[in-house]
Amino acid sequence: MCANSYASFRRGLTGHLSFAIAAAALGSAFQHGYNTGVVNAPRDVIMKFINATYTERFNEEPGEQTVTIIFSIMVSIFCIGGMVGALGTAYVAETFGRKGSLLLNNILVFIAAGLMVFSKMAKSYEMLIIGRFFIGLNSGLNAGLVPMYLIEVSPTYLRGAVGTIYQLVITITILISQIVGLPQVLGTEEHWPYVFGMTLIPAIFMLATMPLCPESPRYILIFQGKELAAQKALTWFRGTIEVHDEMDEMRSEYEATKLVPKVTLHEMWTNPVLRTPLIISVVVMLSQQLSGINAAIFFSTKIFESAGLNKETALYATLGMGSINILMTIVSLVLVEKAGRRTLHLVGLGGMGIITVLLTLCMALKTLVPWLSYLSIIWVIGFVVMFATGPGSIPWFLVTELFGQGARAIATSIAVAVNWSANFVVGLSFLPLTTVMGDYTFLIFTVFLAIFWIFTYKRVPETKNKTIEEITSIFRQQIYQ
Ligand SMILES: *[C@@H]1O[C@H](CO)[C@@H](O)[C@H](O)[C@H]1NC(C)=O
């Protein structure tokens with residue numbers, strides 16, 4: 001049985017498919033992950049740059065508050081760009097196709113990199129801010145386009161594993177950005193613009209590789225109505241001309257699409273066949289961001305320091321956490337086709353929920369029982385492990401699995417925009433929250449996680465090993481029962 005599934009795994013993962021996965025995922029998810037983490041390590045040198053630029057321009061030194069505000073705008077405008085980009089996904093993906101959009105999206109990288117790299121020379125922190133907005137736009141588009149392309153070109157029994165690759169590249173590139181930004185590497189007063197210039201490398205990689213891959217066969221068949229071209233593309237991906245079963249499956253998705261009138265926002269909301277999976281997609285996206293993962297990572301340095309690690313060791317501990325995130329995402333990639341999406345998501349959310357309680361207990365009691373600080377380290381690591389088990393990767397591709405071709409792009413747009421918005425809100429609110437709630441901040445996430453767990457348990461269907469047509473019919477049956 002095991003050898004059998006391994007054999008079919010190997011058969012499905014042809015050289016061509018692997019190449020297409022690399023071409024689509026490496027260049028795109030790099031921008032999403034790298035630019036999420038890139039501002040942390042060189043924080044001090046960038047603040048110095050803002051200070052010096054401001055001083056020279058206005059002939060007076062800015063207050064500490066002014067520098068912090070400008071820096072925070074630069075950090076958070078990335079998420080705003082992400083939101084706007086996500087909202088544009090549907091239009092772009094349907095107009096230029098998945099592949100065409102991914103290629104065009106690199107124009108934004110060149111604009112962003114130009115602005116950010118030359119901001120120091122031009123003595124303009126505004127350029128840095130606008131550059132971060134553009135790379136946010138690019139990342140927001142990627143977060144919808146790439147999982148869509150990956151899911152559409154993968155055979156059914158590999159969809160989850162291939163979809164997980166988007167998050168895997170994010171975790172890897174967050175770690176890369178933290179290393180590249182270190183003062184020992186490029187995070188110096190002189191060289192920090194190159195940290196932002198690194199974004200050009202994956203863009204060039206994608207421009208060199210993606211043109212060699214075909215457009216998604218589902219897009220070719222269902223949007224362009226070109227049956228023969230779709231079959232040719234599918235043959236390329238599968239490495240065999242025996243693609244009749246899959247062509248049949250795509251045709252039935254096509255037929256089902258025709259039953260639904262042109263999908264609009266209004267239709268998404270009023271038609272229960274579409275509304276139910278849309279609500280599931282949005283809640284699953286929220287569960288990723290409102291799980292408190294970013295708060296935990298932010299807190300981790302403090303937790304490590306309060307356990308007596310010095311600043312430098314705490315930094316390495318942060319890099320260690322990034323590595324654990326990567327390793328666990330790989331484990332999840334292997335498990336997702338066996339255990340299923342729903343199960344892994346439930347295990348992840350449940351584990352995170354329990355850990356928030358244990359962590360809060362340890363933090364609250366640490367003055368009474370000092371060794372509890374060490375236990376806190378274990379809980380923070382466990383929190384990241386549980387995140388990577390399911391909530392880290394599954395939301396990105398689950399939304400594209402829940403919809404047929406007609407509604408997929410628009411649903412992805414909405415769900416991914418919700419993800420970036422939640423990311424933005426958590427980023428802005430957790431510092432003020434910690435001043436109010438102190439050691440008890442994580443209890444907020446306990447409540448969220450409990451709600452998301454119950455919702456997932458009651459409403460999220462298992463999509464493992466089901467064709468898209470089988471999945472969408474679940475929602476049709478729910479209505480006509
Ligand atoms: C700005 O730079 C000046 C000169 O290096 C320094 O004295 C001042 O403390 C800095 N201000 C802030 C807010 O960092």
Side-chain angles (χ1 to χ4, degrees), residues 34-82 112-136 174 176-199 294-295 297-306 309-319 322 423-438 441:
Y34 187 86
N35 291 291
T36 297
V38 75
V39 282
N40 293 331
R43 183 190 170 100
D44 289 346
V45 288
I46 294 174
M47 282 185 144
K48 257 192 181 165
F49 160 72
I50 294 170
N51 182 352
T53 310
Y54 188 101
T55 308
E56 195 176 318
R57 198 184 297 172
F58 300 109
N59 258 326
E60 68 172 346
E61 275 177 21
E64 197 162 330
Q65 189 122 39
T66 313
V67 176
T68 309
I69 288 173
I70 296 174
F71 184 82
S72 308
I73 292 174
M74 188 205 72
V75 172
S76 50
I77 203 164
F78 175 66
C79 283
I80 303 207
L115 286 163
M116 296 189 294
V117 169
F118 293 112
S119 62
K120 180 165 180 267
M121 208 185 287
K123 297 186 176 159
S124 159
Y125 44 77
E126 292 84 356
M127 279 168 70
L128 203 52
I129 292 173
I130 300 169
R132 289 272 298 170
F133 176 73
F134 274 101
I135 204 74
I174 288 179
I176 292 178
S177 75
Q178 283 166 342
I179 293 171
V180 170
L182 288 177
Q184 297 90 326
V185 189
L186 285 175
T188 59
E189 268 183 68
E190 199 178 340
H191 292 126
W192 65 261
Y194 298 115
V195 174
F196 294 101
M198 293 280 283
T199 52
N294 288 330
I297 288 173
F298 173 80
F299 252 108
S300 66
T301 323
K302 265 194 188 167
I303 290 168
F304 293 145
E305 278 173 13
S306 76
L309 303 184
N310 62 29
K311 243 197 158 115
E312 194 170 338
T313 324
L315 179 76
Y316 288 120
T318 308
L319 296 184
N423 188 347
F424 179 70
V425 171
V426 173
L428 278 193
S429 57
F430 71 60
L431 264 186
L433 268 180
T434 54
T435 44
V436 179
M437 301 207 34
T441 311

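Sequence positions, counted from 1, serve as the residue numbers for this chain. Order of listing sets the numbers, starting from 1, for every ligand and every atom in it.
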Test applied, side-chain contact (heavy atoms from CB on, under 4.5 Å); reference residue, K120; option that passes from W192, F196, Y125: W192
Do the rings of H191 and Y194 sit parallel, tilted or perpendicular, given the 30° and 60° boundaries? tilted
Can you tell me which residue pairs pass the salt bridge (Lys or Arg N to Asp or Glu O under 4.0 Å) test with a partner in residues 59-68, sequence neighbours excluded? none
Can you list the steps and then say if I129 with I70 is a side chain to side chain contact (heavy atoms under 4.5 Å, CB included)? CA-CA 9 Å; I129 292 173; I70 296 174; 4.2 Å; yes
What residues sit with at least one heavy atom under 4.0 Å from ligand 1? N51, E61, P62, G63, E64, V67
Let me check something: any side-chain donor-acceptor pairs from residues 72-82 under 3.5 Å, sequence neighbours excluded? List them with distances.
from : atom 1 : to  : atom 2 : distance (Å)
S72  : OG     : T68 : O      : 2.7
S76  : OG     : S72 : O      : 2.8

Got a list of side-chain donor-acceptor pairs under 3.5 Å for residues 46-58, not counting sequence neighbours?
from : atom 1 : to   : atom 2 : distance (Å)
K48  : NZ     : E189 : OE2    : 3.1
N51  : OD1    : T55  : OG1    : 3.1
T53  : OG1    : F49  : O      : 2.6
T55  : OG1    : N51  : O      : 2.6
E56  : OE2    : K123 : NZ     : 3.2
R57  : NH1    : E126 : OE2    : 2.8
R57  : NH2    : K123 : O      : 3.3
R57  : NH2    : E126 : OE1    : 3.2

